[in-house]
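Have a look at the structure below, then the notes.
Start at 1 and go down the list; that is how both ligands and their atoms are numbered. Since the structure is predicted, the reported quantities are computational estimates derived from the model, not experimental observations.
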Amino acid sequence: MKIGVLALQGAFIEHIKMLCQLGAQTAEVRLPNQLEGLDGLIIPGGESTTIGKLATSYGLIEPLRRFTRSRPTWGTCAGMIFLAKDIGIDEQPILASMDIRVDRNAFGRQIDSFETDLVIAGLKGKPFHAVFIRAPVVTAAADAVKALARLEDGRIVAARQEHLLATAFHPELTGDLRLHSYFCAIVKETMA
Ligand code: GLN
């Protein structure tokens, strides 16, 4: 199994380290031809405006859209924004692949970043310790989208639509491999 991590900006190295611990082959993706032969892709957190701009200048928008149509793709934080169909702003380049509406910086500024324990559907054991850094939330989702985790106030912070996964927080920063392992299972299912 070979999983790519979009490596334009943001926390891509941390995702690669987690995938390596799970025994997956990995590849950093900066150019369209680096998507060839990948079984799945992670789009990391960082800054979605920067990721969008760089993806546009490297000619990655259409190849990424095509990839996400059939291959498992997981967006974390800025990556979730980049995957979403609707972010309420027309000027910012996004893939518009997943049927979710996302509110950027839903909790305020850097100083309003926080950590909390989340119950996530499909993960066994203790709640998942989630780190939210200038995080987005899902404000609306199509019927095909399953909410996997919500904050206490009901807002969705993890969701899945078939082979697409989105999390508003940073699972690569805590050393808990369960979400990466969940994504690898989606990749395996899709390959079979
Ligand atoms: N606020 C950032 C954005 O809009 C996302 C922050 C993150 O990825 N930690 O892209």
Side-chain angles (χ1 to χ4, degrees), residues 3-19 26 28-30 40-58 60-61 64-65 68 72-118 120 128-141 145 147-151 153 155-161 164-180 182-183:
I3 300 184
V5 181
L6 190 65
L8 299 174
Q9 188 263 342
F12 54 91
I13 306 255
E14 290 77 2
H15 278 292
I16 288 175
K17 285 187 185 150
M18 301 285 266
L19 291 169
T26 60
E28 292 182 11
V29 175
R30 293 187 184 83
L41 179 74
I42 296 180
I43 305 175
E47 177 53 49
S48 60
T49 49
T50 308
I51 293 173
K53 268 187 211 150
L54 291 173
T56 305
S57 26
Y58 293 164
L60 269 165
I61 299 281
L64 283 170
R65 278 191 186 135
T68 60
T73 305
W74 175 18
T76 61
C77 203
M80 166 167 121
I81 298 166
F82 193 48
L83 256 192
K85 267 224 164 109
D86 182 1
I87 59 167
I89 317 162
D90 289 334
E91 306 75 55
Q92 184 178 331
I94 50 172
L95 297 180
S97 301
M98 187 168 176
D99 266 324
I100 49 176
R101 192 192 310 148
V102 167
D103 186 7
R104 283 185 66 202
N105 300 323
F107 304 95
R109 294 155 13 122
Q110 190 77 11
I111 192 166
D112 302 307
S113 298
F114 64 100
E115 302 185 14
T116 191
D117 289 331
L118 288 177
I120 302 182
F128 194 93
H129 190 68
V131 179
F132 289 80
I133 304 170
R134 284 188 303 117
V137 286
V138 177
T139 52
V145 177
L148 299 180
R150 293 175 186 269
L151 293 174
D153 62 12
R155 288 188 287 175
I156 301 171
V157 289
R160 175 173 174 182
Q161 179 176 11
L164 301 177
L165 183 63
T167 52
F169 47 93
H170 283 264
E172 76 287 6
L173 296 182
T174 46
D176 189 333
L177 287 167
R178 284 178 294 165
L179 264 173
H180 286 78
Y182 179 84
F183 181 64

- side-chain contact (heavy atoms from CB on, under 4.5 Å) between T73 and L64: does it pass, once the steps are laid out? CA-CA 10 Å; T73 305; L64 283 170; over 6 Å; no
- Item | Test side-chain contact (heavy atoms from CB on, under 4.5 Å) applied to V145 and V138, step by step | CA-CA 11 Å; V145 177; V138 177; over 6 Å; no
Would you give me the side-chain donor-acceptor pairs under 3.5 Å for residues 166-174, sequence neighbours excluded?
residue: T167; atom: OG1; partner: W74; partner atom: NE1; Å: 3.1
residue: H170; atom: ND1; partner: E172; partner atom: OE2; Å: 2.7

Show me the donor-acceptor pairs within less than 3.5 Å that the side chains of residues 79-93 make with the rest of the protein, sequence neighbours left out.
residue: K85; atom: NZ; partner: D99; partner atom: OD1; Å: 3.2
residue: D86; atom: OD1; partner: G88; partner atom: N; Å: 2.9
residue: D86; atom: OD2; partner: R101; partner atom: NE; Å: 3.3
residue: Q92; atom: OE1; partner: R104; partner atom: NH1; Å: 2.9
residue: Q92; atom: NE2; partner: S48; partner atom: OG; Å: 2.8

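Between A141 and I100, the shortest heavy-atom contact is CB-CG2, 4.1 Å.
Under the ring pair (Phe, Tyr, Trp, His ring centres under 6.0 Å) criterion, F114 pairs with F107, F132, not counting sequence neighbours.
Each of G45, G46, E47, S48, C77, A78, I81, R104, N105, I133, R134, H170 has a non-hydrogen atom positioned under 4.0 Å from some atom of ligand 1.
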